[in-house]
Amino acid sequence: MRRTYAQAEAGAVLVVDSRDDVGPDLRTWRGYGTLRVDEPTSLDLARHAAASVATALVDGGDRVGLEDLAHRRRPLPPAAGRRHLRRVLHGLALSHPTRHAAGHRVRPPQVPADAVVYLFSTLLDEEPLHLVRTWRAHGHPVVVVDTLPDVRPVTESHLRLAWRITRLEREDRLTALATEGVPVVRWAGTARQQAAVRFEALARAAERPTPGRHP
């Protein structure tokens, strides 16, 4: 991925939603069972996606910053250059999940006025929509990167029911984002192979002249 939506802007802030970390097996979602080391979790996918976007931005001469929703003690403000990229990659490597109490609201990270926001999230609760709407209300373009792994079918009836409800709620959130014009790029399973193409399309759309405006 050599170009991104953010390359039409002056810089970008990558926001990693590390509040939880789930794998393809529903039986491991509540801390039971063992995650397979050969299967990437949502946070693995978020790290990889954010690292890919950061590298593409820096390679293009753009500025990139990093925020972690679960660990906001040391946000990295947008900057350019390979040394800064190493700091971003190090920050991503340190990301780990932190459980919050039900109903906990996440305060949207402050974003520079000229920045586009990339939000890397599983979209398993309402907080991503709250964040996206807040940023957009302040004039920031937002791209959501969907990092939920492809969930495997389960035989247990209670898990099937729980996942059906969770999946429908998640689909409602994705529909809401699409209705509001927020691009969503999936970064899991076979869809991940098309992510670069999707980012290219977003970059072209962002660079397209607005009707009625002249260079």
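Throughout, numbering of the chain's residues begins at 1 and tracks the sequence.
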Quiz item: So, do P183 and R198 sit near enough that their side-chain heavy atoms are less than 4.5 Å apart?
Solution: yes
Quiz item: Can you find a heavy atom in the side chain of V145 that is under 4.5 Å from one in the side chain of L119?
Solution: no
Quiz item: Any idea which heavy atoms bring V144 and L177 closest together, and the distance?
Solution: CG2-CD1, 4.2 Å
Practice problem: Heavy atoms only: give me the nearest A80-H84 pair and the separation to one decimal. | Solution: O-CB, 3.5 Å
Quiz item: Do the side chains of V154 and V151 join up, straight or via other hydrophobic residues, at under 4.5 Å, putting them in one cluster?
Solution: yes
Self-check item: Pair D150 + R186, salt bridge at N-O below 4.0 Å
Solution: yes
Quiz prompt | Short side-chain to backbone donor-acceptor contact, T28 and D25, under 3.5 Å | solution = yes
Self-check item: Nearest-0.5 Å distance, CG of residue L131 to CD of residue E127
Solution: 6.0 Å
Quiz item: Taking all non-hydrogen atoms of both residues, which atom of L159 and which atom of L26 are closest, and how far apart?
Solution: O-CD1, 4.1 Å
Practice problem: Please tell me if the side chains of Q110 and P75 come closer than 4.5 Å, counting only heavy atoms from C-beta onward. | Solution: no
Quiz item: side chain to side chain contact (heavy atoms under 4.5 Å, CB included) between V16 and L43: does it pass, once the steps are laid out?
Solution: CA-CA 8 Å; V16 177; L43 195 49; 4.0 Å; yes
Self-check item: Over all atoms of both residues, closest heavy-atom pair of R173 and L123
Solution: NH1-O, 3.0 Å
Quiz item: Heavy-atom distance under 4.5 Å between the side chains of L124 and D20, does that happen here?
Solution: yes
Self-check item: Pair R133 + E180, salt bridge at N-O below 4.0 Å
Solution: yes
Exercise. State, to 0.1 Å, how close V13 and P112 come at their nearest heavy-atom pair, and which atoms those are.
Key: CG2-CD, 3.8 Å
Quiz item: Side chains of E126 and L129: closer than 4.5 Å at any heavy-atom pair?
Solution: yes
Practice problem: Verify side chain to side chain contact (heavy atoms under 4.5 Å, CB included) between S95 and R47, making sure each step is shown before the conclusion. | Solution: CA-CA 8 Å; S95 296; R47 293 189 194 99; 4.2 Å; yes
Quiz item: To the nearest 0.5 Å, what is the distance between CG (L66) and CG (L76)?
Solution: 5.5 Å
Quiz item: Where do A115 and P141 come nearest, in terms of heavy atoms and distance?
Solution: O-CD, 3.9 Å
Quiz prompt | Aromatic plane relationship, W29 with W163 - under 30° parallel, 30 to 60° tilted, over 60° perpendicular | solution = perpendicular
Quiz item: Is a salt bridge present between D59 and R82, judged by a nitrogen-to-oxygen distance below 4.0 Å?
Solution: yes
Practice problem: May I ask you to decide whether R170 forms a salt bridge with D125, counting only side-chain N to carboxylate O separations under 4.0 Å? | Solution: no
Quiz item: Looking at CG of L89 and OG1 of T55, how far apart are the two atoms once the value is rounded to the nearest 0.5 Å?
Solution: 5.5 Å
Quiz item: Is any side-chain heavy atom of P128 closer than 4.5 Å to a side-chain heavy atom of D17?
Solution: yes
Quiz prompt | Distance (rounded to the nearest 0.5 Å) between L45 CG and H48 NE2 | solution = 9.0 Å
Exercise. Begin from the C-alpha positions of S52 and W187 and carry the test side chain to side chain contact (heavy atoms under 4.5 Å, CB included) through to its verdict.
Key: CA-CA 11 Å; S52 298; W187 200 278; 3.8 Å; yes
Quiz item: So, the side chain of S42 versus the backbone of V22: is there a donor-acceptor pair under 3.5 Å, distance only?
Solution: yes
Quiz prompt | E39 side chain reached by P149 side chain, heavy atoms, under 4.5 Å | solution = no
Practice problem: Indicate yes or no for a side-chain donor-acceptor contact from D172 to the backbone of L174 under 3.5 Å, with no hydrogens or angles considered. | Solution: no
Practice problem: For D44 and T41, test the side chains for any donor-to-acceptor distance below 3.5 angstrom and give the result as yes or no. | Solution: yes
Exercise. Run the numbers on V15 and L69 for side chain to side chain contact (heavy atoms under 4.5 Å, CB included), then give the verdict.
Key: CA-CA 7 Å; V15 181; L69 291 184; 3.6 Å; yes
Quiz prompt | Beyond-backbone contact of V64 with P78, side-chain heavy atoms, under 4.5 angstrom | solution = no
Self-check item: Polar side-chain atom of R136 near backbone of V142 as donor-acceptor pair, under 3.5 Å
Solution: no
Quiz prompt | R27 with E156: basic N within carboxylate O range, under 4.0 Å | solution = yes
